[in-house]
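One structure below.
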Amino acid sequence: MDNTHPRLRELKYTLYRIFRNPSAIIGFTLLVFFIGVAVLAPVLAPPKYAHNPYQMPHKGFSPTPKPPSEKAIFGTTSGQYDIYYGVVWGTRTAFKIGLFVVVISGLFGVGLGAVSGYYGGWLDEALMRVTDIMWAIPTLVLAMAIVVAFGRGLDKVMIALALIQWRWYVRVIRSEILTLRDQDFVQAARVMGVSDFKIIRRHILPNAIYPVLIMASMDMGSMVITASFMSFVGLGSPKGYADWGQMVALARNYIVGPPDDPLRFWYTIAIPGACIILFVLAWNLIGDALRDAFDPKLRRR
Amino acid sequence: MTPLIRTENLVTNFYTYEGVVRALNGVSLVVDHGTTFGLVGESGCGKSVAVRSMMRIIQEPGRVEGGRVVAFFDPRDKRRGIDLLQQSEAYMEHLRGDQISMIFQEPNAALNPIMSIGDQVAESFLFHKKKEMAAAVLAAMDRENGRPPWPLGAFQRALYARTAVSPRDPLVALTGRLPLVRRWQMRLRREALRRSVEIIGKLGIPNPEAVARLYPHNLSGGMKQRIVIAIALACSPLLLIADEATSNLDVTIQAQILDLLRHLKETEIASILLITHDLGVVAETCDRVGVMYAGNLCEVANVTDLFNAPRHPYTRALLEAVPRLHQDGPLRSIEGAVPNLVNPPAGCRFHPRCPEARAICRKHFPETVHLGGDHSVACYLYTDRPRGEGAA
Amino acid sequence: MLTYILRRFFFLTFVLFGVSVLLFGILMTFSPERRAAAYVTTPQQAKDIPRIIQQFGLDDPFYVQYVRWIKEVSRGNMGWSLVAARPVGEAFWRYFPITLEMNLYAAPIVIFLGIWLGSVSGIHRDSWIDHSTRIFAIIGWSLPTFLFALVLLMVFYGYFQMFSPGVLSDALAMSIIDHPDQYTAYTGMLTIDGLLNGRLDIALDALHHLVLPILTYVIVVVALNMRVMRSGIIEELSKDYVLTARAKGADRRTIHYRHARRNALLPVVTVAGQLVAMSMEGSIAVEVVYNRQGIGWWLAESATQLDMPVLMCICLFMGVVFVVTNLTIDILYAYIDPRIRLN
Amino acid sequence: MSTLLQLRGLQKHYPVRGGVFRHQVASVKALDGIDLDIHRGECLGLVGESGCGKTTTGKAIIRLHRPTGGKIIYHRGNGGAPVDIAGLPASALKRERIRGRLQMVFQDPTTSLNPRMLVKNIIAEPLREQSSMGSRELETRILELLSMVGLTKDHYLRYPHEFSGGQRQRIAVARAIATHPEFLVLDEPTSALDVSVQAQILNLLHTLREKLELTYLFVTHHLLVVKYISNRLAVMYLGKVVEIASTAVLFNRARHPYTHALLSGIPIPDTGRRSRRILLQGDVPSPLNPPTGCRFHTRCPFVIDRCRAEEPVLKTFSDGHRVACHRRDEMERLVRDRFGR
């Protein structure tokens, strides 16, 4: 056995398991690409309005999209917004949406689920009834209701989604904890007089966190889908904001071109659309690979 | 003694992510007609794999990769052996449950949770006794009314008649699958259920009709194990394989089941192949014993010889490691642990833990030598030849 | 068993109550003035906002308003829809059949296709068929419904000129509107009404317009069902009772279909609730893109016009659907699984 | 011999909820009045079939759960006043330093060791909780513990899955003795292990008991193991103790029919001793609804009317042998006549 630190060895082993799966390689490659684009956005597409880089620059107001040219390599969309600029800065928007929703709802849901699953009793009962109520309405519909009540805007959409999505994490972590709670090593810790807080932190969460990670990875994608649909129907980002959903909305009236050239405006939808799909695909592939890698049945014997 | 089933150099490997698990490393054993053969060893030594390979029910990612399993199941010519590994899957399906059957370790998992007990036992009859049952149904139909009164009845009768001739008749198979039409088999099912109630009752379960209607979760562990035995016994097999059949049961229930097995051995089945890690069970029920270690059969002997004069160092150590009823002095323990079969030790797989290991033990696996009195052992204490050299 | 159903029933009424309080809570974040605007149907009334607030007690305490609202809702009065320009209740019954029709056609496809693909890929694990269904599933899972619908529209309608959006072609729609005496809306679902009225052309045209929506929807939704079925089959096939069945002499067919699949269906039944939620979300995107005037389209339109009563109505409706589905699932589950049925 | 623990009427009932509102409709009587004395320095074997309450008893003593009734009187080794720990809250147990004194070794070391913790941290956990050691001191103590259970410094920085079953159980033992306990509950510590390793652990436990002056409660269903390691045995059936005696006495002159059945049911690893078994009919009744009178009467081969009506109490013979059976005085004769043992 090699002499590296055991934690390092574990990490290596985990990574080996993850990357044994081709879907993980594709997923992470895509993700690295998107991260690169997001980080380098100011270099790749220098903002025209320094105070608000997310505002897409536009030349003129003509409603007809223009095809890719030297000035705009991906063409322009309706209203002459530059597609290239929008796609680049839209990557940042996508990360912003995903990370915000997943981090907030994940932390909230995991905390709540851990406490309620570990202690059980009336607290758990009450919390479960509240989540039951939350479960009764589909995410998108509830998000729409909340956004209508709070007002439009991308920030409102993000808040609304975070307010809804925690229910998933509560459910996932709770079911994990219910099985872990009666495991012998948790009982052993209790015999040693370890406090409940430390038991949750040291024994339960590290063993329950993988399903949450898988969930979070899948959520990064699905939240971006939901948010872009909200933008598409006009509840999300305002016009001209660098957001993929918004750009698809701008393309909506041009999906069918003139009769002689029906696919003339393909770039207006294909480019932002491909961004959304690849972004979501990246996270889903990663989630899928994690699911395989962390499957307790397939892990070591 | 005539052999009933014999394995020759059986090799089974499991292709896992961690590597190739060499679970069976050339196992040769013989189960004779009318005996109880015990296969003992610690967990992971390959005893379950051995019997599953014999029945060809190794699950993914395992593969039987070498050797022969010769079965002498022909009632007319007991010398005529058939290599099961060469037969088609259909042949094996026909054989399993009819001539060889198996009971499993965990009665809670061995039964389908959403199928009634009666149906699960009845399946055995439906797989193997369709012909006889169809004939019985036909006879009953003829008794009830001389001639079938309506066309559907005539159709039904015709189908039963065809089943009684050949249960694999294409028309029977087709009509047995079509929705609604397949209801013609109702009487066959009822007949199978009647037989299952009978066999359940025979195993000493009170009120078998009611039990047949229950589901596995309604029964206690001991009862479930009886049902599993009923399934295995349904078609009166020649060989019953009991894979740790009593290990997960309580002492008093285990006593009941062992008693039942002993009784069945005298009345119903020819031979039992009993797999266990409990030397006590072996001593009490078996005639011959094989000791396995890390995928190898190290010693085979009659039960009294094995307990009184063990030859292989592993057998000796094992016998000294279990507490006896009249134990005086401390238990001898075997140092070290069972090796990982992905990367087994070269040579004799026991050599790292063997107190009598020699240089040659580290290099080659020893040949199996026959000492007197049906006692065979694979150890360099008794031979100088490694396996593969000079073997006839 | 009866206790079990009663207990479920009790919880579900509780959930419905909770949903209504939640929704009303969201509604109450509006100022009284904005809520008063919902009662305005004519320009004259717009001047009398304070009077409306007074009249309808819009600044009363929460619970007073809640009880009043529930009373109204239970009487069928859900408010006024700006988008439909008629009372919400009335508009609902106009839009609902369109959505229902699509779901009625799509649901069996989703269910059977999902179960079939899932079992095939689970049974032939790690074969090419398994890999391709898995790739199909993960791509279906990653496709945003609205985007996929747009692309289909672009390709089929734009390029092949095959399936036009809307619920009916213009000429047919005209003929219906022009002659209400020749056509009676029995169910509101065009394919069924067409047949009932003896107008095969309407039924066929409506079906023609359903092709793309159903295709979109099935591809996006079927992935969930498939994945659950696949992992269910794989799990069941690794269980000991499968080994018992093999040891009895069961053939592959019997093991796969009589033993493993029936057990693997149990987890599929439990995700049915999630499927219903997904199909509702799917309806919104599909109807918006294909311009089908159903509940989903109405919801999206109302949301952009801040038409709160409609959102409330639809949320409440979906809550009811979800609750009823879950009750059905629970009963169904108890029926399939003897472990629950007999306890 | 002084007493370490006295159990008096110990009860543990688990509520069974049912009905529309999940109210309590019945209770599972896992322990229904256990009276037991554990002497200092002995190894008391607690045997019985699954579900008889033996593990529940063990877990009640170290207060893994709170018993619903009865007393657990703990006579502390340092001369402190006896305390009833049955009802003490968790904080008081920790404050009074009782936690570290009563420890447990679980059945399966694969599940009793946190798979995401290093061996170092696993063993350090009780030390950190119960004492305030510096990191240097902690490390020496852990290494000392490792060598006590037969492991070396090489094993210090490893994860549990890198060990074999026997080694894992050694780690679990090291963790249990880390805080200088005087009492250990051993819950089937060898039944998840292989036969060849079982002896290693049994011998280790035996030497540790002598070296550290420990007291054991050895919970098991394996009678030969318990015979090897225990001085005294208590037999449990359906939430009750039915017989207590020293090991030798119990194996030679058992007085309860259930003990007889258990003893005759052990498969003996010696040939030529196939004696007649006492086969009990049926299964253990449900603890939801235990039989009236003597709980064993539904399966007892020697049942008389009195057994169905009246519950026998534990009666003590002069040699300390305690039996709860109405026919205890004639049992030897009954068994001999009926089963020829």
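Letters A, B, ... are given to chains in the order of the sequence lines, protein chains preceding strands, and every chain is numbered from 1.
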Discussion item. With a sphere of 6.0 Å drawn around CZ of Arg209(D), does it hold more than 12 non-hydrogen atoms of other residues, nucleotides or ligands?
Written reply: yes
Worksheet item: If you round to the nearest 0.5 Å, how far is CD of Gln198(D) from CD1 of Ile334(B)?
Response: 11.0 Å
Worksheet entry | Flag if over 12 foreign heavy atoms under 6.0 Å of CD, Glu213(D) | no
Practice prompt. Could you tell me which non-hydrogen atom of Ala255(B) sits nearest to which non-hydrogen atom of Gly265(D), and how far apart they are?
Written response: CB-CA, 4.3 Å
Worksheet entry | Contacting region of Leu262(D) [heavy-atom separation from chain B under 4.5 Å] | both
Response to the item:
Shortest non-hydrogen pair, Pro267(D) vs Asp278(B), comes out as CG-OD2, 4.1 Å
Item to complete: Return the option, out of Val251(B), Leu306(B), Thr252(B), with the maximum number of heavy-atom pairs under 4.5 Å with chain D.
Response: Thr252(B)
Practice prompt. Pick one of side chain, backbone, both or neither for Gln167(D), based on which atoms fall under 4.5 Å of a heavy atom in chain B.
Written response: neither
Worksheet entry | Audit row: Val195(D), Leu318(B), side chain to side chain contact (heavy atoms under 4.5 Å, CB included) steps and yes/no | CA-CA 7 Å; Val195(D) 187; Leu318(B) 199 62; 4.2 Å; yes
Practice prompt. Can you tell which part of Leu280(D) gets under 4.5 Å to a heavy atom of chain B, answering side chain, backbone, both or neither?
Written response: both
Fill in: Under 4.5 Å from a heavy atom of chain B, the part of Glu49(D) involved
both
Discussion item. Please classify the contact of Gln254(B) with chain D as side chain, backbone, both or neither, using a heavy-atom distance under 4.5 Å.
Written reply: side chain
Worksheet entry | Leading residue by heavy atom contact count with chain D [cutoff under 4.5 Å; candidates Gly336(B), Ala317(B), Ala337(B)] | Gly336(B)
Worksheet item: Do you know the tightest heavy-atom contact between Pro323(B) and Tyr228(D)?
Response: CB-CB, 4.1 Å
Worksheet item: Can you name the nearest heavy-atom pair linking Gln200(D) to Glu335(B), along with the distance?
Response: NE2-CA, 3.6 Å
Worksheet entry | Least distance between heavy atoms, Ala199(D) atom then Ser333(B) atom | CB-CB, 3.6 Å
Worksheet item: With only heavy atoms counted, which part of Arg353(B) is less than 4.5 Å from chain D, the side chain, the backbone, both or neither?
Response: side chain
Worksheet item: Do other residues, nucleotides or ligands put more than 12 heavy atoms under 6.0 Å from His206(D) NE2?
Response: no
Response to the item:
Rounded to the nearest 0.5 Å, the CG atom of Leu249(B) sits from the CG atom of Asp283(D) at a distance of 9.5 Å
Worksheet item: Do Asp270(D) and Arg324(B) pass the side chain to side chain contact (heavy atoms under 4.5 Å, CB included) test, and can you show the C-alpha distance, the side-chain angles, and the key distance before you say yes or no?
Response: CA-CA 8 Å; Asp270(D) 277 307; Arg324(B) 305 295 185 91; 2.5 Å; yes
